[in-house]
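Heavy atoms only: backbone and side chains are in, while hydrogens, waters and symmetry mates are out. Every chain is numbered from 1 and lettered A, B, ... according to where its sequence line falls, protein lines coming before strand lines.
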Amino acid sequence: MDPNSKQKLSEIARLLPLLAIWLLSACGDGAWNNPYPKADKGRNILYSSFTERPKHLDPVRAYSANEYAFIAQIYEPLLQYHFLKRPYELIPLGAEQVPSPVFLDVNGNRLPDDADPGLIAFSEYKISIKPGMRYQPHPALAQNEQGSYIYHQLDPGFIESANTLSNFPRTGTREVTAADYVYQIKRLAYPRLNSPIAGVMGEYILGFPEFGAASTAAFKQLQASEDGGESWLDLRSIDLEGVEVLDAHRFRVRLRGKYPQFIYWLAMPFFSPMPWEAEAFYSQPGLEKRNISLHWYPLGSGPFMLEENNPNLRMVLAVNPNFHGETYPDTGEPGDRQAGLLDDVGKPLPFIDKASYSLEKESIPYWSKFLQGYYDTSSISSDSFDQAVQFSTQGDLELTEVMEEKGIKLQTAVTTSIFYMGFNMSDPVVGGDLERNHLLRQAISIAMDYEEYISIFNNGRGVAAQGPIPPGIFGNRTGVEGINHQVYEVRNGKPRRKTIEFARRVLAEAGYPNGVDRETGKPLILYYDTTSSGPDGKARLNWIRKQFDKLGIQLVIRSSDYNRFQEKMRKGTGQIFMWGWNADYPDPENFLFMLYGPNGKVKHGGENAANYNNPEFDALFVRMKNMENSPERQEIIDRMVEILRRDAPWAWGFFPKAVSLHHDWYKNVKPNLMANNTLKYKRLEPNLRDRQRRQWNPPVIWPIVIVTVILVVSTIPAVRLFRKRERSAAR
Amino acid sequence: MTAYILRRIIYAMPILLGVNILTFVLFFVVNSPDDMARMNLGMKRVTPAAVENWKHERGYDLPLLFNESATGTGRITETIFFQKSLKLFRFDFGSSDSGRDIGYDISQRMWPSLAIAVPVLLVGLLLNITFALLIAFFRATYIDFWGVVLCVILMSISGLFYIIGGQYLVSKLLHLVPISGYDTGLGSVKFLILPVIIGVIGGIGAGTRWYRTLFLEEINKDYVRTARAKGLSETVVLFRHVLKNAMIPILTGVVVVLPLLFMGSLITESFFGIPGLGSYTIDAINSQDFAIVRSMVFLGSVLYILGLLLTDISYTLVDPRVRLS
C-alpha cells in the first residue's frame, strides 16, 4: 500500500467515530435511543403500538379490538357510550338524540310503549342525524369545477402507477347525509361484503334477507353485462324494505318485533355513514390489487383520519380538519372530579394532534420503550408483572416503588368478558339433563378452583364468576345474593368455595364415588379439548388435570390447533372445553344468549358451544330479551341464572381484570370497556414527556470506552508476538 | 456457459413443481379452506353462508388437486392447485387471502431485510476471515487456544440470548440506540446498528472456527511451504496465497446464501420490529394465509436454486481449473 493510501485510510479511520457520534446524535432530542424523528420533539403526538396488523378497516367487516382501535376514531356511528358515566349510558354521536322506538301491530297501528311484546309486530326507529358533519378530505370526494368526480373513472395506466392514496393529489369533502347511513345498512345486507352481523340484522331489519338476494342477483347480472369484470353495484338502486331515507338528515329503520338491543348496535362502527362515492371510487378495476381499498383507507367523518397506513411498520391517525366538533363531557361519576377527569369540561375535542401506532410484536422491547417514556401507555405482560405491580396487604393491586418513582399510574377494571369451562350437553357422560348429570357437573365446578387459577396463571387479574353475567352489566348481582350456592357457601358475607370433600360427596351422589362409575366399576375418564401448547399451556393443563384428580376423575387432555378445536365444537365431538366471550354491548342478553337453545352450535351454528337446551330457560330468555331494564327483568334474570347454576352447563370460570399503566403526562384516563372511540378525550403534556425522556435516557458511554481500552490493551501481546514471528525465519 | 445455465434452469422446473406440490399438500393437510375462511372472517358470529361466500370469492370452493365434476382438462385446471400455485411460475404472486398484493408487499419488505442481512454478511465475513487468519497465524499458541475457546463459547449461546441481552445492555442500560423500530431512508440507520452488531457477533464463533479450519488445511499444503521457502513473510503467505486458495469453500458458503438474504431473518425482524420478509412469512403462517406462504416458499426455492447456480459460476471466477459444461 502506498503512503498516500495509508494516510487516507488513517484519516477515514479517525473520522469513523465522529461519523458514528454524528449519526447517534442525530437520533433525536438528546436521547440517543429515541425511536422517533427529531421533528416530533415537543409535539402533541400520542405514541402507542399494535401487535398485529388490522385485517379490515371497512366498518362493514371490522369486528375485532385491533381494528376498532383505529376505525372507532375515524368513523362516527349514530350513538356512543358516555366516556365517564357508569353504568354505561348511550348518548348521541352522529344522531341528534338517542332514538326511541315506536311499536306497531301487524296492521301498522301504533301501540303503547308498554305494549305486550307478543302484540308488537314492528318497531320503528326514526333517526335524525346532526347537520353539518363533513367527511375527511378524500380523493373519492374530489370534484372538478363542473361537479364531476375527478377520480371515479381512472385510467388503467394511472392505476398501475398508484400504490397509496397519497398518489391522488386532489381531495374533496361533503356533508354527511341520512342517505349515507342508509347506504351503510345496505352494505351490511350485501352478501359480497361478508358482514359478521348480517345474520343478526337479518333476523330483525325488515327485508334484509330479500335485499341480500336481490343485490346478489343484480351483481351477477352486472358482471354478465360487463364481460365478467369486477363491477360496482350501486346499492342505492335497490330498495331495502325496512330502511328508508326521509330527507337529508332523517331516516327510518323498521324492525320485525321488539328488539331493545338494537340501539346498542347503533353505537358500533357497523352503523357509520358511508358515502356511495367511496365504493364507486374503490371498486374501480385494479385499485384493490394495488392495495387501495376501503379495508386499508377508511373514509370517515370522525375526529381523526388515517394519515399513514403502513401496517408493516406504523399507522398514524391525524386530526380530521373537517371534524364537526365535540366538547369534553361535563358530568361523570362521583369521584371523577377529584380524579381530575372533569378538568377539561367543555373544551373542544380532540386534544391531541396525532396518534402514532408502531408495530411492536414482542413484549420485551414494548415494555422497555414504555419505561423509557417512548410509549404513553402500556398493558402489563406476565413477564413484567412483578416489576410493575404488587399486591397490598388487603390483596389489592398497587404499583411497585420503581413505577411510582417514575410517576406511572395504574388503572384496573373488571372486563365485560368471561372465560368459562363448558360441558358439551349432548355428550352422554358430562351432558344430559338427569340429576346425576347435574351432580357430576356441579362436583367438577366445585373442584375447579378458579380463585387459585386466577392467582397462579393470571397474576390475580380476574374475578371468579358466580354466573354468566359480568359485573357492571345489568343482571349481575353483587354481595350475598349474587353468590352461586351450588359452588360456594357464604362465610362472613363472602363467598367461600365449597370443600373438596363436599364435591366428592356430590360426585358420589352422581354415581361416581371416588371417581369410579358405580354401575360399571370402571374409573371415570373425561376428555378436555384445548388449544393450549408450550410450557405455559402445559402448566395450565397440569393444573386442570390436578383439579379433576382431586375428585378421582382421570382427565385426558386432547390438544389441537384452533381450527381442529373449532371443528370439534361445530360437530359436537368435544366433551369439556374452555372458551371465552367478549361483550358486544352492555346487556345481559349478550351473555345469556350463549346458553339459549336455538343458538346451539351443533344444530344451529350459533354461539351456544355447550349446546345447552332447557325449555324453561329458553322461554325466560325470550321474555327477558325484549324487556327494558327493570326489577321485573332482574327477577327473570335471577331465575335464569339459578336454572343455569343448577344445570351447570358451564363451570363458571372467571371475568378477567384489565390492568394498564400510563405515564403522568397522559391525562383523562378512565377505563371504558364498551367505548372504543376514547382517543378524542385523551390529553398529553408533551413538554413534561420530553423532560422525562431526557432524564430517563442519558447515553452511557463509559462502558464502551472501557471495553475498547481492554480490547486495545489485550492486543498488545498479540502484536508483539506477530512482530516477533514476522522477524523470525520461515518455519 | 449459457447452455449450462439454461440446462440448470430446466432442471430447476421439476424441483420447483415438487416444492409447490409439497407446500400445497402440507398446508392443506393442516388447514382446510373452511379453516382459512374462519380465520379470515374472525372469531365471532361467522355464519356458514359467510364461509361459503369467502371461499367462492377466492376460488377455495374448488377441489384441491382433481376435479371429478369437470370434464377434459378442466379436471386438472379447475382445482385450487392449478388456479393458485401454478401461476407462481410466471412470478404472478397474486393477492393474499386478506386482499393485499403480494408482489408489492415483497417489493416493499425486501429492503428492510436486505438492510440488515447485507451489512451482517459483509461485516461478518470480513471479521470472521480476519479473526480466522489471525488465529491461523498464531496457531498452536495461547492465542489460538483461547481464540477457539472463545469461538466455542460464542457458538454455544442461543441467538435469542444475543438479541435480548443486546437490547438490554445497549438500549436499556446504556441508552445508545433505540431498542426496536424502523424508519425509511437515513432514519433507518439508528435502528439497524444494534441488529447488525448482534447479527455479526452472533455469527463470529461459528464463522471464525469454520474459516480457521479451512486456512489450517491450506497452510499445511506444499505451495505454502514453497512460498515460505522463497522467504515470503507469514502475512504475505496467509493473505496472498492461503486466503486465495481457500476461496472456493468460502464462496460455496457465501454465494449460496446471497439470494436468500432477501428472505430476511425471522427472529431478528420480530424482536427489532423490522418490517422485512422474515416477519412477513411468520405473520402469514400465523394467519394461515396460504397465498403468502406458497409465494414465500416458492421464492425461497427459486432463490436457493439461484444461489447454487451462482456458486457454480463463481467457481470459474476464482479457480481457472473449473469449467462449466
Side-chain angles (χ1 to χ4, degrees), chain A residues 23-24 26-27 31-35 37 52-53 55-56 63-64 163 191-192 194 196-200 288-291 293 295 310 312-313 358-362 364-366 368-369 371-372 374 561-563 566-567 582 584 605 607 697-701 703-704 718 721-722 725-726 730-731, chain B residues 30-32 35 38-50 53-54 57 95 98-101 104-105 108-109 134 137-138 141 143 164 167-168 171-183 187 189-191 228-229 231-235 270-273 275 279-280 283 288:
Chain A
L23 279 172
L24 289 169
C27 289
W32 293 6
N33 60 356
N34 187 348
E52 194 185 343
R53 67 177 172 80
K55 280 183 191 160
H56 309 287
Y63 200 15
S64 62
N163 286 315
R192 285 197 77 227
N194 285 327
I197 65 161
V200 186
E288 189 166 3
K289 194 171 179 297
R290 311 300 299 171
N291 301 327
S293 73
H295 286 304
N310 184 351
N312 305 325
L313 178 61
S358 305
L359 180 65
E360 201 73 72
K361 289 187 175 176
E362 300 295 333
I364 296 173
Y366 165 73
S368 299
K369 276 178 165 173
L371 292 182
Q372 290 171 337
Y374 297 125
D561 61 27
Y562 192 61
N563 293 333
Q566 281 186 307
E567 195 181 329
N582 196 16
D584 291 312
E607 299 291 346
N697 300 288
V700 183
I701 305 171
I704 306 289
L721 190 59
F722 174 78
R725 284 204 172 190
E726 283 291 88
R731 286 161 297 149
Chain B
V30 181
N31 308 287
S32 69
D35 297 334
R38 284 175 194 280
M39 179 62 100
N40 232 279
L41 291 170
M43 305 286 177
K44 288 168 83 174
R45 301 183 190 275
V46 181
T47 60
N53 199 19
W54 187 92
E57 277 180 8
S95 298
S98 59
R100 299 271 299 171
D101 179 2
Y104 176 75
D105 274 352
Q108 293 295 300
R109 299 187 71 142
L134 280 172
F137 180 83
F138 293 115
T141 65
I143 293 175
I164 295 172
Q167 284 182 327
Y168 181 78
S171 299
K172 197 169 176 185
L173 289 186
L174 305 183
H175 309 136
L176 296 178
V177 289
I179 198 161
S180 68
Y182 193 72
D183 210 338
V189 174
K190 64 182 175 187
F191 296 104
R228 286 188 186 128
L232 295 178
S233 70
E234 193 65 12
T235 321
S270 189
F271 266 81
F272 287 100
S279 50
Y280 188 52
D283 289 348
Q288 296 175 7

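Side chain of Asn291(A) to backbone of Asp101(B): a donor-acceptor contact under 3.5 angstrom is found.
Heavy atoms of Phe191(B) lying under 4.5 Å from chain A belong exclusively to its side chain. Using a 4.5 Å cut-off between heavy atoms, Asn40(B) contacts chain A through both its backbone and its side chain. Both the backbone and the side chain of Ser279(B) have a heavy atom closer than 4.5 Å to some heavy atom of chain A. Contact annotation for Leu173(B): only backbone heavy atoms (N, CA, C, O) come within less than 4.5 Å of a heavy atom of chain A. Contacts between Ile143(B) and chain A at a heavy-atom distance below 4.5 Å involve the side chain alone, from C-beta outward. Tyr562(A) touches chain B through its side chain: at least one heavy atom from C-beta onward sits under 4.5 Å away, while N, CA, C and O do not. For Gln108(B), no part lies under 4.5 angstrom from a heavy atom of chain A. Only the side chain of Gln566(A) comes within less than 4.5 Å of a heavy atom of chain B; its backbone N, CA, C and O stay farther away. Contacts of Arg100(B) with chain A are made by both backbone and side-chain atoms, with heavy-atom separations under 4.5 Å. With a 4.5 angstrom heavy-atom cutoff, Asp561(A) touches chain B only via side-chain atoms. Within the 4.5 angstrom heavy-atom criterion, only side-chain atoms of Tyr104(B), from C-beta onward, approach chain A.
In terms of heavy atoms, Lys172(B) sits closest to Leu371(A) at NZ-CD1, 4.3 Å. Here the closest heavy-atom approach between residue Gln372(A) and residue Ser171(B) is recorded as NE2-O, 3.0 Å. Here the shortest heavy-atom pairing between Pro365(A) and Ser180(B) reads CB-OG, 3.7 Å.
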Which is it for Arg109(B) and Asn312(A) under the side-chain contact (heavy atoms from CB on, under 4.5 Å) test, yes or no, and what are the steps along the way? CA-CA 8 Å; Arg109(B) 299 187 71 142; Asn312(A) 305 325; 2.6 Å; yes
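Atom OG of Ser270(B) sits about 4.0 Å away from atom CD of Glu362(A), to the nearest 0.5 Å. In this structure, the separation between CG on Asn194(A) and OG1 on Thr47(B) is 8.0 Å, given to the nearest 0.5 Å. Between the CG atom of Leu176(B) and the CG atom of Asn697(A) there is a distance of 11.0 Å, given to the nearest 0.5 Å. Atom OH of residue Tyr182(B) and atom OG of residue Ser358(A) lie 14.5 Å apart, to the nearest 0.5 angstrom.
With sequence neighbours excluded, the residues that form a side-chain hydrogen bond (donor to acceptor under 3.5 Å, both in side chains) with Thr235(B) are Glu726(A). Residues meeting the ring pair (Phe, Tyr, Trp, His ring centres under 6.0 Å) test with His175(B), sequence neighbours left out: none.
In terms of non-hydrogen atom pairs under 4.5 Å with chain A, the most contact-rich of Gln288(B), Arg38(B), Gln167(B), Met39(B) is Arg38(B). No other option in Asn582(A), Val700(A), Leu721(A) has as many heavy-atom pairs under 4.5 Å with chain B as Val700(A). Note: Lys369(A) leads Glu360(A), Lys369(A), Lys55(A) in heavy-atom pairs under 4.5 Å with chain B. Note: Pro191(A) leads Pro191(A), Ala198(A), Ser64(A) in heavy-atom pairs under 4.5 Å with chain B. Top candidate by heavy-atom pairs under 4.5 Å with chain A, chosen from Asp105(B), Ile164(B), Leu41(B), Leu134(B), is Leu41(B).
Within a 6.0 Å sphere centred on CD of Glu57(B), other residues, nucleotides and ligands contribute more than 12 heavy atoms.
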